[in-house]
Amino acid sequence: MKLFLLTLLNGLTLAALYFLVASGFTLVFGLMRNVNLAHGSLYLLGAYIGYDVADFSGSWFLGVAAGFVSMAAAGLLLQVLVFRHMEGQDLRQTLVTIGISIVLADLMLAIWGGTTYQFEPPEWLYGATRMPLVRAYPTYRLALLGTAVVIGIALWLFLNRTRVGMMIRAGVDDREMLSATGINVHLVFAITFAIGAGLAGFAGVVGGTALSIAPGEDVRYLLASLVVVIVGGMGSVAGAAIGALLIGLAEQFGLAYSPTYGVVYTFLIMVLVLAVRPQGIMGKKA
Amino acid sequence: MSIEKRTVPGVKRSLLAAAVLAVSASAGAADGVKMGALATLEGAFTVLGEDGMRGVKMALAERDNKACGQEIELITGSSDASPDSAIRAARKLVEQDKVEILIGPLSGSEGLAVKDYAKTQPQVTFLNGTSAAQDTTLRDPADNFFRWTTDGAQWQAGLGTYAYDEKGYKTVVAIAEDYSFPYTQVMGFMLEFCEKGGKVTDKFWVPIGNKDYSTIVASIPDDIDAIYVALGGADAVNFLTQYEQAGGDKPLIGGSITVDQTVMGSKGRRKSYVVGTPSAGPIADSWDDPKWQAFVTTYQETYPDGLPSPSLFAHGYYVNTLAALTALEAVDCDLSDDQAKFRAAMSSLELETPTGMVTLDANRQAVADIFLTEVAEADDGTLYNKVVKVIPQVPQTMGMDPEAFLALGPVGRDNPECK
Amino acid sequence: MSESAHRIAHANAAHALILEGVSRHFGALVALDAIDLRIRAGERRAVLGANGAGKTTLFNCITGDFPPTSGRILFYGEEITRFAPHERIRRGLRRTYQNSLLFPSLSVLDNLYLAARGVTRRRLSLLRPGPEDAAQESARELAHLVHLDHLADQPVSELAHGQQRQLEIGMALAGAPRFILFDEPAAGLSPAERRELVAIVEALPKHIGYIIIEHDLDVALRLADYVTVMNNGALLKEGTPEEIQSDPDVQRIYLGEQHG
Amino acid sequence: MNPVRAGVQGKTTAVGVYPGYAVLLILLLAYPWVASGFWTVQVGAYSLILGIISLSLMFLAGYGGVVSLAQLTIAGCAGYMLAIHGVNSAGLGLGWPWWAAVPMAIVIATLMATLIGLISVRTEGIYTIMITLAIAVAFFYFTRQNYTVFNGFTGFAGVEPPPLFGINWRDAMPFYYLCLTVAVLCYSLVLYLGRSNFGIAMQAIRDNPRRMSTLGFSVNTHRVLAYTIAGFVAALGGVLSVWFNGRISPGSISTGPVIDILIIAVVGGLSRPIGPFLGALVFVLLENFAIDLIDRDRFNTVIGVAFLAMVLFSPDGLLGLWEKLKPRLVPRREGSAGT
């Protein structure tokens, strides 16, 4: 029973991390039909930069901010320098992002080496919190869960209550209509890309603190994001939340009760969802 | 005209170029000895591979890149730690660069692959780098593959006994990554520990690449004495942090790469926690033997950009290169007759290394000293691995009768077992 | 033919196409409102109407691209309301599209060849088309029929707009068509291209009936022997070209709009 | 949708015998007589093998507009099945003779390709890329975790070509000719299919799937069949690959090599079946000799930058570059020597 509850909590907190990474991915895809296969690289790069800033300044929070800001800037650059010049050529964009992720992975290895980095969160986030039924649970992971909920709500408010957000949503539903209304589409694209990429960098620091950062994490989180949004439905933030929950829980329960094939289960879920609903749980028919 | 036709000149051109290159490349030099070194210089293990290469270069530099007056030409090859890439790199070194002696590779499954490849190249002598899979030399060995380093099970010699007798641990659970190297380490530990009467009630095989140990931590039962952890440095850091955060308080027993500098060097909290953790391996940073100290000093002086202290990768590549050079001297660089003399010399060599004397068994596998250590706190507050005991001349069969040892069967998730 | 004479003929002749109360809704929007339409075999009908009158939706319902929300469609006496598009094609119903829906990277001949094969029995074959392949043969005939023989091996993406419209018609003629729906075949064509197109349509075998949606009144009235006018998703008027041309309502709604 | 949409514009009206083919074939046949064993196998045969596997992707992507990242996975499946059914040194497996194990491996891998096709045919474009990537990774994880059938992390070693007709097929020259034969067969198959009814239909589906279905063609059946055929080609490559390496393990089918196949196909050019072989040759030369040129570990940067440059500046890969350069390099007369 205690193992079950702990695994449930672990699943929820892992889902929180997956949601943070995947929400940016799905946002960018929904608006721009651009599968950014360099999303995982943004995660890892944001984490490394965040680490250097946190290490230099001694403030973990500055590191988190640096992760978000640096990757938002990188996202802007990508959008302005690369993607704007190949709008509508989705496959080419995808290939370009694969190329970028290969180069970035190698350059990051050259700069930060193969060692593992771990953040030092503030003292009050470290250690365990007393909880009923499971005795104690790591404080940081609870904070991670809270952060994901807050970010999720903030994203929802942003998309549903602000002008830019509504433009983005309109763009997700009907891209042609968006340009027909005279809105500066490039601006909306740039903002979306900055937020999506920034979220990846943010998740890099936050996730790197919960676990650690090392080469290979880029591919791991790219794959996790892929599976999450395929299951949840491309372009839907709510779908990303549902997908993240399913995958996070599957992974942890797999690890607890059937570790050998734990990783394979998440992919089985994906294939099952696809067989029944090719557009994902919350996705709209293309 | 047809489209297909138009592309033909392109292919023609590149093939011609290839053919020209091929002809010119096959005309090799005659003087000196060509030595190849193969390590992982791509991918996540790059740092380790680079340290291995330092070991090769140190051994060469000690003799001015010469053996019996002949220049040694070193050609490096790189893999990405996958067996396929190791084979391709080895093939290039052997078949294209025509090396006569090959040092490498770095990791266990690469070692198995290179051993298989060695059988097809009887004219070349292969010496291990640091790969530590048991079966590279134990089962179906290659006549021309020599391993002057010990395997993953040997590395754990003495640990099981120490944990049972001195530490008083009777029941433990094992946590390790789910592949062959950790299987071998767990076996090395369990052989002695189970023999003594200890119980390993559960083994948690963590899928490779898993970083989230929270659920593993939650699964650890309360009624055990200690946790045997055979995780690599980075994963060890992850596990320890998460275990401590979850309020865990069981003592640890470490595999050969569990409580290394990565763990002890990392800042802050988990420090005090690992003090007293025993482990065992082929080297011990803080061993006060003068030969070892001299080795460390040379390393630090030669490679100011290197690691703080030579890793077991630098050590392993160094020892194997050293063996090759010593044997070359012994036969005055006579590599004729498919290197028969050279190999005979190597087989009977008693090699003095910074970590003691090393000899080879019938399968060309090293018999060497193993270091039993325990994490201790120095006066200045830093942590180091204090040498508790040197287990002398550990054979691959761990002191068992070879027949009985082989009868244990290949290591695996469920072999051995003592619940 | 007077209107009454037409009615009598209707009652007696075999009908190629009968629509009974066909409606199509898109959410709250009613694109087609209970359309009743009867077209004899071999009849050539023009459908006029302002933009958004529901003409293309009518076509989509008939061909099955969007099935109707309610109502019945009979093709030569057989109910086809719920048939998939290709099943209707196999029964001899064809259409051309307003925006060319061709295969741009394939040659003219390949486009026609595929259209011809689409109605044959063994569509899936791993073999190359042999010299005696019937579909290959008919593709050449079709290219000739729509005056594209000289461009047969040209990729479609390199054709002029007018030539692409001609090819569209050629695709619709593949197999054994009994009835064709032309969706603004002359839109965007130059006068010369228009003449060519009219010539091609006029030269169609007499047993093939069709409905043509066309904004160019000259083209429409020349190619039709009976005219239907639509407005707001419903039928407004039916009559001979002469009757329609002189109808005040039609002039107000449709022609007025057309001519300023 | 560049570069795939750039499409297969090749238009051969008949399978004529071109002098260029004859010259190329003679060169390829003569190659091992002038090249060393290393150049024959590690460069020659390996390029052909990678070319065959990438050719299967070119067939899907160039003709059908379907970019599948699971082609190496299918090749790997064939390799695994051969190791499992045939003889290996891991002490596992069924030990069947080669004439049973090889067809079995190819059949199972082709079936797997069909299955992948059935799963991913419901998706289009970039969705297909993602789903096939996910399938590839799932298979990789599965082989690494499963010991009873796939022997987990270690995989299988000692998989050798059969000693047929008294020839050791692992020797440089026989193995090269074996690979060349298979490559020529696969190349011819793809070339033939490109102008077959099926190939024309696939290209039409790439251009406009909806119109194809209104014409009465079953788009999904065609696509699944394309996966099957591509899978068959990839499986042949996979069998050769496991003989080439003598072994197979999860590392052989992990994400890195999976992406490599895409890189090879795109760098070579997706518009014609020769493209993948060009790409493979360049890739193999870089992989072997980059270490001699750029000190050591930046191989992936070189590969990545080359790939990026191709995608950005020459959507049709090396083939496209050749098309651009040819007018300057080759004198006019070339044009008259054709069909």
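Chain naming here is simple, since letters A, B, ... match the order of the sequence lines and numbering starts at 1 in each.
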is_close_aromatic(D/W39, D/Y31), centroid dist under 6.0 Å =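 No, ring centres 6.0 Å or more apart.
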task = Compute the ring centroids of B/Y183 and D/Y147, then answer whether they are less than 6.0 Å apart.
result = yes
Go through the atoms of [X] and report whether side chain, backbone, both or neither lie under 4.5 Å from a heavy atom of chain B.
{"X": "D/S252", "result": "both"}
{"X": "D/Q42", "result": "side chain"}
{"X": "D/F244", "result": "both"}

request  = Please name the pair of heavy atoms, one in B/T40 and one in B/E110, separated by the smallest distance, quoted to 0.1 Å.
outcome  = CG2-OE1, 3.7 Å
inquiry  = Please identify, among B/S82, B/G412, B/P410, B/A113, the residue contributing the most non-hydrogen atom pairs under 4.5 Å to chain D.
reply    = B/A113
query = chain D heavy atoms under 4.5 Å from B/D178: which part of the residue, side chain, backbone, both or neither?
reply =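 B/D178 touches chain D through backbone and side-chain heavy atoms alike.
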task = Please flag which part of B/R139 lies under 4.5 Å from any non-hydrogen atom of chain D: side chain, backbone, both or neither.
result =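 Neither part, no heavy atoms under 4.5 Å.
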query = Judged by atom type as modelled, is there a donor-acceptor pair below 3.5 Å linking the side chain of B/N128 to the main-chain atoms of B/S131?
reply =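 Checking the backbone N and O of B/S131 against the side chain of B/N128, a donor-acceptor pair under 3.5 Å is found.
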task = Determine whether B/K211 and B/D235 make a side-chain contact, defined as any pair of heavy atoms from C-beta on separated by less than 4.5 Å.
result = yes
